[in-house]
Amino acid sequence: MSEHDSGEQRDAALQAIVDRLTDRHAGDDPQTVRADLERQLRVADLPVRSEKWLGDTAVEIAAGRRLVVDGRQGLRADPDDDIGASAETGSPGRPEDARRD
C-alpha cells in the first residue's frame with residue numbers, strides 16, 4: 001500500500017508536485033513538462049493518470065497557469081486566476097469570453 005493512502009494525502013502530494021512544476025517549467029515546452037510530471041508522479045508513488053490528464057495538465061503548467069487539485073474533480077484552474085472562468089455562470093473570465101447580449 002502506498003504512503004498516500006487517503007485521498008486527502010494524495011491530493012496534497014499532487015498539489016505539491018503541480019506547484020513545484022509550475023514554478024520550474026512555466027514557459028517550457030509542454031512535452032518537457034509532461035515528462036517531468038510523469039517522473040514526479042512515479043517517484044511519489046501516485047496513481048497513474050490518463051493520457052488526456054497528463055497532456056492537459058502539462059499544457060496548463062507550461063502556460064504558467066496555477067492549478068488547484070480537487071480530488072473530486074481532478075485539476076482545475078486556480079479560482080483566483082481569471083483565465084478560463086465560465087461566461088455561462090457569470091463568473092469573471094477573459095474579456096473575450098464574456099457574453100454579448
Check: Charged N to carboxylate O under 4.0 angstrom, Glu38 versus Arg34?
Finding: yes
Margin query: Glu8: which residues meet the side chain to side chain donor-acceptor pair (under 3.5 Å) condition with it, sequence neighbours left out?
Written below: none
Checklist line | Steps toward side chain to side chain contact (heavy atoms under 4.5 Å, CB included) verdict (Trp53, Val48) | finding: CA-CA 10 Å; Trp53 185 93; Val48 175; over 6 Å; no
Checklist line | Pairwise side-chain contact, Val18 with Gln40, heavy-atom cut-off 4.5 Å (strictly under) | finding: no
Notebook entry, point to check: Are side-chain heavy atoms of Val43 and Ile17 found at a separation under 4.5 Å?
Noted result: no
Notebook entry, point to check: Between CZ of Arg10 and CG of Asp45, what distance do you get to the nearest 0.5 Å?
Noted result: 10.5 Å
Check: What's the shortest heavy-atom distance between Pro30 and Val59, and which atoms?
Finding: CB-CG2, 4.1 Å
Note to self: What's the separation between atom CG in Asp56 and atom CD1 in Ile61, rounded to the nearest 0.5 Å?
What the structure shows: 11.0 Å
Next item on the list: With sequence neighbours excluded, give me every salt bridge (Lys or Arg N to Asp or Glu O under 4.0 Å) pair touching residues 19-28.
Entry: Asp23-Arg66, Arg24-Asp36
